[in-house]
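What follows is one structure encoded as structure tokens, with my remarks underneath.
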Amino acid sequence: MASQAQTDPEVVVVGSCMTDLVSLTARLPNIGETIHGHKFFIGFGGKGANQCIQAARLGAKVSMICKVGKDSFGSDYVENFIKNNVSTDFVTQTGDAATGVASILVNSEGQNTIIIVAGANLLLDSEDLKKATGTIARAKVIVCQLEITPAVSLEALKVAHNCGVKTIFNPAPAAPDLDPRFYIYSDVFCCNESEAEILTGFPVRCPEDAGTAGSVLLERGCRLVIVTLGAEGCVVLSAEEITPKHIPTRKVKAVDTTGAGDSFVGALAFYMARYPDLSLEEMIKRSNSIASVSVLAAGTQASYPFKQDLPQDLF
Ligand code: ATP
Ligand code: RIB
């Protein structure tokens, strides 16, 4: 019989599932304007689930703690987790709200705008979390975002932090008045340019700006800050290395950048859980590489690479 340590997940994600409704169009519409798109598809998304699926595809043992609706989108999502080797022990379906959806527009440069209607995600509550406390406490890494009720994300981070589990917090979508305890409970605080700007009030347009905003975030109490910068890679700084360091990535022709940040976070969770002795800089370089693959095809999870499709020196 497998021991507890063999069956326990290494990475636990407490977060969202969304059904992505994606329209491809040459350009994004202006307010009040109707334009033609050239393609529509439905995919699996939601920041939490995306991060979880990317970690699973790289080979981590993962568990998702989330809520979907008792509807066809929700049932399809549960199947999607099973197909991707994600434990569904803490995935529940509710009849009280619909599965979350994201309406996504992608232009010909691969840029996007997204509206989410979180639905069932907002019904994930502390009772759901309590049932998973033992699993969280035995994990190596926990990952949280802000597409569920923020108090639930905060509670999950606190439980993990108090048990010595490494925490990654992705403050997305960002709000300017983030509860200060999120910083305290974050071993890794990973945001993109616009989130860094919303949280600090400083404009973030280049690696230097990201360093300035990152320093403000670091001062608020997290141990390590990463600001992702799309094609520019990311900037990292930590309590030990307070001088911001730019970690560039390879140049590729982006088709669709939706979910690139989630691919990056999922990859980082994988490396922190599976290769804890790698330097953080090396983990971040490899996470950049994996996320750069995710922008080469349309869709969110549809574009996430599997371990067997990647250069083996990433492992
Ligand atoms: P999303 O919200 O769509 O998930 P994001 O805005 O949070 O994305 P980005 O900062 O755009 O995240 O990208 C995250 C990471 O993905 C980058 O740090 C980089 O490693 C990789 N990446 C994104 N865009 C590109 C690109 N055009 N070329 C190469 N790598 C990219
Ligand atoms: O980060 C990309 C994700 O944001 C999409 O999958 C969409 O569902 C929204 O949650």
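FYI, side chains are in, hydrogens and waters are out, and symmetry mates aren't considered; it's all heavy atoms of this structure. Every number for a ligand or one of its atoms is a count from 1 in the order of the listing.
The line from CD1 of I148 to CD1 of I65 is 9.0 Å long, rounded to the nearest 0.5 Å. For the atom pair OH of Y275 and CE of M283, the computed distance is 11.0 Å after rounding to the nearest 0.5 Å.
Ranking protein heavy atoms by distance to atom 11 (O) of ligand 1, first place goes to G230 CA, 3.5 Å. The nearest heavy-atom contact from the protein to atom 4 (O) of ligand 2 is K47 NZ, 3.2 Å. Shortest contact from atom 1 (P) of ligand 1 to any protein heavy atom: G259 N, 3.6 Å. Protein heavy atom nearest atom 5 (P) of ligand 1, with residue, atom name and distance: N192 ND2, 3.6 Å. Nearest to atom 18 (O) of ligand 1 among the protein's heavy atoms is G233 O, 2.8 Å. Nearest protein heavy-atom neighbour of atom 20 (O) of ligand 1: N288 OD1, 2.7 Å. Here the heavy atom of the protein found nearest to atom 6 (O) of ligand 2 is D20 OD2, 2.7 Å.
Closest approach of A196 to V204, counting heavy atoms only: CB-CG2, 4.0 Å. Closest of all the heavy-atom pairs between G214 and L237 is C-CD1, 3.6 Å.
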Report task. Go through the steps to decide whether D187 and F169 satisfy the test side-chain contact (heavy atoms from CB on, under 4.5 Å), and finish with yes or no. Result -> CA-CA 8 Å; D187 288 313; F169 178 52; over 6 Å; no
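The M18 neighbourhood of ligand 2 comprises atoms 8 (O), 10 (O), with distances under 4.0 Å to a heavy atom of that residue. The atoms of ligand 1 that sit less than 4.0 Å from any heavy atom of V252 are 28 (N), 29 (C). Proximity to T258 (heavy-atom distance under 4.0 Å) selects the following atoms of ligand 1: 3 (O). Residue-ligand proximity, T249 to ligand 1, at heavy-atom distances under 4.0 Å covers atoms 29 (C), 30 (N). For ligand 1 and A291, the ligand atoms under 4.0 Å from any heavy atom of the residue are 15 (C), 16 (O), 20 (O), 21 (C). Interface of R250 with ligand 1, defined as ligand atoms under 4.0 Å from a residue heavy atom, comprises 29 (C). Within ligand 1, the atoms closer than 4.0 Å to a non-hydrogen atom of S292 are 29 (C), 30 (N), numbered from 1 in the order shown. Taking every heavy atom of D262 and a limit of under 4.0 angstrom, the matching atoms of ligand 2 come to 1 (O), 2 (C), 3 (C). Counting the atoms of ligand 2 from 1 in the order shown, those under 4.0 Å from a heavy atom of E147 are 4 (O), 9 (C), 10 (O). Per-residue contacts place D262 under 4.0 angstrom from the following atoms of ligand 1 (heavy atoms of the residue considered): 4 (O). Within ligand 2, counting atoms from 1 as listed, the ones closer than 4.0 Å to a heavy atom of A102 are 7 (C), 8 (O). Interface atoms of ligand 1 facing A254, defined by a heavy-atom separation under 4.0 Å, are 27 (N).
Put simply, the side chain of L199 reaches to within 4.5 Å of the side chain of P171, judged on heavy atoms. Looking at heavy atoms from C-beta onward, L280 lies out of side-chain contact with V236 at the 4.5 angstrom threshold. Looking only at side-chain heavy atoms (C-beta outward), T135 and D89 stay at 4.5 Å or farther from each other.
Polar contact with ligand 1: present for T257 (N/O pair, distance under 3.5 Å). For ligand 1, one of its N or O atoms has an N or O atom of T228 under 3.5 Å away. At under 3.5 Å, not a single nitrogen or oxygen of T258, backbone or side chain, sits near a nitrogen or oxygen of ligand 2. Where the criterion is an N or O separation shorter than 3.5 Å, residue side chain and backbone included, G261 meets it with respect to ligand 1.
A donor-acceptor contact closer than 3.5 angstrom links the side chains of D20 and T300.
Annotation: cation-pi pair K307/F315 present, NZ/CZ under 6.0 Å from the ring centroid and within 45° of its normal.
Checked against Q301 for a side-chain hydrogen bond (donor to acceptor under 3.5 Å, both in side chains), the options N84, N80, D262, T258 give a single hit: N80.
Residues E155 and R181 are not paired through a salt bridge, judged by the lack of any N-O separation under 4.0 Å between the basic side chain and the carboxylate. The pair R205-E193 fails the salt-bridge criterion, with no side-chain N (NZ, NE, NH1 or NH2) lying under 4.0 Å from an Asp/Glu carboxylate O. Ion pairing between K61 and D8 fails under the 4.0 Å rule for side-chain N and carboxylate O.
In this structure, G46 has a heavy atom closer than 4.0 Å to ligand 2. Ligand 1 is approached by N112 to a heavy-atom distance shorter than 4.0 Å.
Under 4.0 angstrom from ligand 1, the non-hydrogen atoms of A231 come from both its backbone and its side chain.
The aromatic rings of Y183 and F189 lie parallel to each other, with less than 30° between the two planes, well short of the 60° mark.
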